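To start, the structure itself, in structure tokens.
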Amino acid sequence: MVSVEEAESIILGNLFTPKIIAIEIEQAEGRVLAENVTADRDFPPFNRVAMDGIAINFQSFMFGQRSFIVEGIQAAGMPQQKLQQENNAIEVMTGAMLPEGADTVIRYEDIDIENGSAKILIDTVEPNQNIHPQAQDCKKGEKLLSTGFKISPAEIALLASVGKSQIHVFQFPKTAIISTGDELVDVNEQPHPWQIRRSNAYALQAAFKQINHHADQFHVFDNEESLTRELKKIFESYELIILSGGVSKGKYDFVPRTLEQLNVKKLFHQVSQKPGKPLWFGRSESHTVFALPGNPVSTYMCYYRFIKPWLERSLGLVSEKNVAILAKDFQFKPTLTYFLQVKTTNEHGKLMAYPNAGGGSGDFANLKDVTGFLELPAHQSEFKAGEIFPFYSFRI
Ligand code: AMP
Ligand code: MG
């Protein structure tokens, strides 16, 4: 049996090396960038008019001129116009190139235009006002984004601006989620009184979906032969294997034995934690295997505490560890790390975690009432309101 800290360090010491793939920009949100991206032009690429109004040469204003003949219009999307007379004006629209010869923009709100002449109604005008100067935000050739960056909608805008319709990102490992158990039937079946519908694989599949990853589902019965046969087949096409159920001490818990027979080296079995004690982790040359206990709360918690960080770290992401403040005193005596289900609320910028332990690792109905798990350390049994602990949220 290993501690949670040992389990984590073994897992994070056995990352997988992702391949790189090119995907369409529409699919890139949430993925991890596998290339550096530079600006192909200045940002902005020209002196950009930032207000609708008129463009003038500031000198004219400075020398007291308040009335300007309007020579023409410079709209967004038009090639650059030129001020023919330096004491005239050109009407300009937001997003247009600043006309040659002009250096100051005065908004429509501050002028009156009548019969082709613009009268300035304000006393204070600053040179270069209402202009977004070329290259102010970023110069051509400058690095905009680095490999390992998680792409959010903000980065999508940058990628689109530099003309990247295809983006190199790290590829997720091909993932199979395999539930095991003779008592389990599929979601659209009517269970006999001794059966239940399987839910773990669906929950895990949805959890992967939260991070834009697709995993395929399988089910295997508690039979050593079929487990071996099915796993062999699955191993041919998948790199990350997640099993649920069959890793405990029951007569029909064949998973650990079968995995080792298939040359998956056990790196640990059993973690001093509650829930999720029977967790098994191992590796072969081309496979990483997490075998999770079948109790739904354990399965769920092990994913967020161990699999998700493994996957993110493998893709080059170092996510900040979240913490939350225990909002009510709590007791847990055994020397096990306890993953306490909590409902969090943000109170004046502080994330407060209210215990709602539920009825144990089989009580997955309780998950609907909570936000995540607070990790309470093994060598403490009294947990006081106000103490801060690591927090694993499953709601995003
Ligand atoms: P096991 O880890 O196989 O001993 O299973 C522990 C408990 O979790 C048993 O009550 C199982 O019926 C239940 N269980 C196992 N797999 C699933 C699943 N995929 N969906 C729902 N419950 C499950
Ligand atoms: Mg079972």
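Counting convention: from 1, in listed order, for ligands and their atoms alike. Model, not experiment: these values are computed from the prediction.
For Phe221 and His219, the ring centers are positioned less than 6.0 Å apart.
Because its NZ or CZ atom is both nearer than 6.0 Å to the ring centre of Tyr238 and within 45° of the ring axis, Lys174 counts as a cation-pi partner of that residue.
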Check the pair Phe68 / Phe61 against ring pair (Phe, Tyr, Trp, His ring centres under 6.0 Å), numbers first and verdict last. CA-CA 10 Å; Phe68 293 76; Phe61 181 87; 7.7 Å; no
Determine whether Asp329 and Glu382 satisfy the following criterion, side-chain contact (heavy atoms from CB on, under 4.5 Å), listing intermediate values before the conclusion. CA-CA 8 Å; Asp329 290 356; Glu382 303 283 338; over 6 Å; no
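Sorted by first and then second residue, the pairs that involve residues 241-254 and meet side chain to side chain donor-acceptor pair (under 3.5 Å), not counting sequence neighbours, are Asn200-Ser244.
Listed by chain and residue number, the protein contacts of ligand 1 are Ser179, Thr180, Glu183, Leu184, Ile196, Arg198, Ser199, Asn200, Ser244, Gly245, Gly246, Pro293, Gly294, Asn295, Pro296 (heavy atom within 4.0 angstrom).
A tilted orientation is assigned to the rings of Phe383 and Phe330, their planes being inclined by 30° to 60°.
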